[in-house]
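Following this message is one structure expressed as structure tokens.
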Amino acid sequence: MDQPIEVPQSNPKAGYLAHQADIDSAIQRVLNSGWYLLGKEVELFEQEFATYIGVNHAIGVANGTDALELSLRACDVGSGDLVFTVSHTAVATVAAIELAGATPVLVDIDPASFTMDPQCLEDALAHPPAGTPKAIIPVHLYGHPADMSSILELANCHGLSVIEDCAQSHGAAIGSRRTGTWGDIAAFSFYPTKNLGALGDGGMVVTNRPLLAERVRLLQQYGWRERYISEIPGGNSRLDEIQAAILRVKLRNLDKENKQRQKLAQTYNALLRDLEMTLPETRSGVSHVYHQYVIRPPRRDALRNYLRQVGIGTLIHYPVPVHLQPAYQGRLTVAALPWTEQTTQQVLSLPIFPQLNTDQIQHIVECINFFYKDGMVKT
Ligand SMILES: *Cc1c(COP(=O)(O)O)cnc(C)c1O
């Protein structure tokens, strides 16, 4: 019998309890206001988030997948267009491309940073499949920024839009500029376990380009500029007032919580250093916000089972690359993806969330040490 999970892999409830009084009063404020959609809270959160990221425009939407789809549509990406991204990502990245009507083209990752390899992108752009190359979606996976300067250079050279997938990188930066400010437009998710998490669904599109911002605003609500008059065909993707009010509280604490994630990652690094496994690397000049702390341990699956038996939760991000999942297998255009396919066999995401403490990390590492010393007997 497994022990109950004592150290979960992530813990959105702890994220609520850490700010309970402020969140409860924010929710109460919205309930009492009598205004539940597209009101003052969303407007203020959009302003505060835009200021935090360092962009001119932010548009709240219903979730991160919508944020990607609306960003693509705003960039005029649709049927017959090619969008270059990675297969080592949340399926939402690829799903959003198809929801916009376009064709995903998947390229390999750089195994050190787990993000798009610019050389693989360059190769794919040199021999594109049928269709019109239109856009690139780099994913700042696990909180580590993709190599934006190389990707932007290729985008400029080929006249492509760049849509950053920032669903895992709230607050991460390259130099002094945060992710979300590098491309033409960027998509964020506020799914509860993200670094900036709502207590429900939420998403945001950010951009410095006023025309793109205007198009997202139209697409987001029935193509309305003026109420009841659809200027273009649109849909419904709104961030609600309660989630916006909660996210305003969370945003005020994001830098502090990201620093805590970095401190926890450094603790893991120091304690795991002498074991034979690959630890996460950070490219020089970037700020990694450790949405996940991802190791490549020997005998990964046995280690994972053992940790579960002793009450420690882990996850695999992601167990199957998108192009090999049933919905996509044999259907997508992919280059050779050796690193992607190898990575999914190797990675393990250890517990990390701001309310985790260094004692718990010590306990986790002791269990890992025990597994490798004694693991043959224990599993
Ligand atoms: C979470 C996530 C999304 C999708 O966000 P939702 O809010 O769940 O729709 C997209 N891309 C990546 C990389 C993600 O991690």
Side-chain angles (χ1 to χ4, degrees), residues 9-10 12 15 45 49 58-73 83-100 102 104 106-107 109 113-116 135-146 148 151 162-172 179-180 182-183 185-206 216 220 235-240 243-244 246-247 250 261 288-294 315-323 325 327-328 340 343-344 347 349 352-353:
Q9 202 273 334
S10 68
F45 178 53
F49 193 72
I59 304 105
V61 297
N63 55 62
T65 310
D66 281 5
L68 284 165
E69 183 193 339
L70 298 187
S71 296
L72 286 160
R73 290 186 185 279
V83 180
F84 297 78
T85 190
V86 287
S87 191
H88 186 61
T89 182
V91 71
T93 313
V94 177
I97 295 170
E98 292 202 324
L99 286 168
L106 306 183
V107 307
I109 53 164
S113 68
F114 301 105
T115 58
M116 180 182 276
I136 305 166
I137 306 185
V139 182
H140 306 302
L141 201 74
Y142 306 150
H144 186 291
M148 289 309 294
I151 291 167
V162 174
I163 295 141
E164 295 177 72
D165 184 338
C166 298
Q168 302 191 4
S169 70
H170 316 74
T179 59
W182 292 87
I185 191 164
F188 288 84
S189 162
F190 304 125
Y191 184 81
T193 58
K194 310 286 185 180
N195 288 37
L196 181 58
L199 302 178
D201 270 314
M204 187 79 86
V205 175
V206 305
V216 173
Q220 179 220 12
N236 165 9
S237 183
R238 294 183 288 236
L239 177 64
D240 74 68
Q243 297 305 334
I246 294 165
L247 286 161
K250 294 282 200 89
R261 286 175 183 269
H288 188 332
V289 292
Y290 293 97
H291 173 58
Q292 300 297 352
Y293 183 86
V294 176
L315 284 172
I316 295 169
H317 298 100
Y318 294 91
V320 183
V322 175
H323 69 284
Q325 295 181 24
Y328 299 98
T340 295
T343 297
T344 53
V347 287
S349 305
I352 193 160
F353 50 92

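Counting convention: from 1, in listed order, for ligands and their atoms alike.
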> Counting from 1, what ligand 1 atoms have a heavy atom of S189 closer than 4.0 Å?
Replying inline: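 Answer for ligand 1: 1 (C), 5 (O), 6 (P), 7 (O).
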> Which protein non-hydrogen atom lies closest to atom 9 (O) of ligand 1, naming both residue and atom, and how far is it?
Replying inline: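 It is T65 OG1, 2.5 Å.
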> How about Y191: does its OH atom have over 12 heavy atoms from other parts shown lying under 6.0 Å from it?
Replying inline: no
>> Between F188 and H170 (judged by ring centroids, cut-off 6.0 Å), do the two rings come close enough to count as a pair?
In response: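 Ring-ring flag for F188/H170: true, centres closer than 6.0 Å.
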> Among all protein non-hydrogen atoms, which one is nearest to atom 12 (C) of ligand 1, and what is the separation to 0.1 Å?
Replying inline: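 Answer, as residue, atom name and distance: A167 CB, 3.4 Å.
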>> Is the shortest side-chain heavy-atom distance between L70 and Q220 below 4.5 Å?
In response: yes
> Is it true that a side-chain atom of T179 and a backbone atom of S169 form a donor plus acceptor pair closer than 3.5 Å?
Replying inline: yes
> Looking at atom 2 (C) of ligand 1, what's its closest protein heavy atom, distance included?
Replying inline: K194 NZ, 2.8 Å
>> Apply side chain to side chain donor-acceptor pair (under 3.5 Å) to residues T343 and H88 and explain how you reach the verdict.
In response: CA-CA 8 Å; T343 297; H88 186 61; 5.5 Å; no
> So which heavy atom in the protein is nearest atom 10 (C) of ligand 1, and how far is it from that ligand atom?
Replying inline: A92 CB, 3.5 Å
> What is the nearest protein non-hydrogen atom to atom 13 (C) of ligand 1, stated with its residue, atom name and distance?
Replying inline: D165 OD2, 3.4 Å
> Counting heavy atoms only, which part of V139 comes closer than 4.0 Å to ligand 1: side chain, backbone, both or neither?
Replying inline: side chain
> With a cut-off of 4.0 Å, which atoms of ligand 1 are near a heavy atom of T93?
Replying inline: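 Listed by number with element, the hits are 11 (N).
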>> Testing L68, T115, T85 one by one against V139 for a side chain to side chain contact (heavy atoms under 4.5 Å, CB included), which residue passes?
In response: T85
> Does an N or O anywhere in G64 fall below 3.5 Å from an N or O of ligand 1?
Replying inline: yes
>> Could you tell me if the side chain of H140 sits less than 4.5 Å from the side chain of H291, heavy atoms only?
In response: no
> Applying the side chain to side chain contact (heavy atoms under 4.5 Å, CB included) test to S87, which of I109, T93, V322 qualifies?
Replying inline: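 Answer to the side chain to side chain contact (heavy atoms under 4.5 Å, CB included) test with S87 among I109, T93, V322: V322.
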>> Could you tell me, atom by atom, which parts of ligand 1 come under 4.0 Å of a heavy atom of A90?
In response: 12 (C), 13 (C), 14 (C), 15 (O)
>> Heavy-atom pairs closer than 4.0 Å: do any link ligand 1 to the side chain of T89, the backbone, both, or neither?
In response: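 The answer is the side chain.
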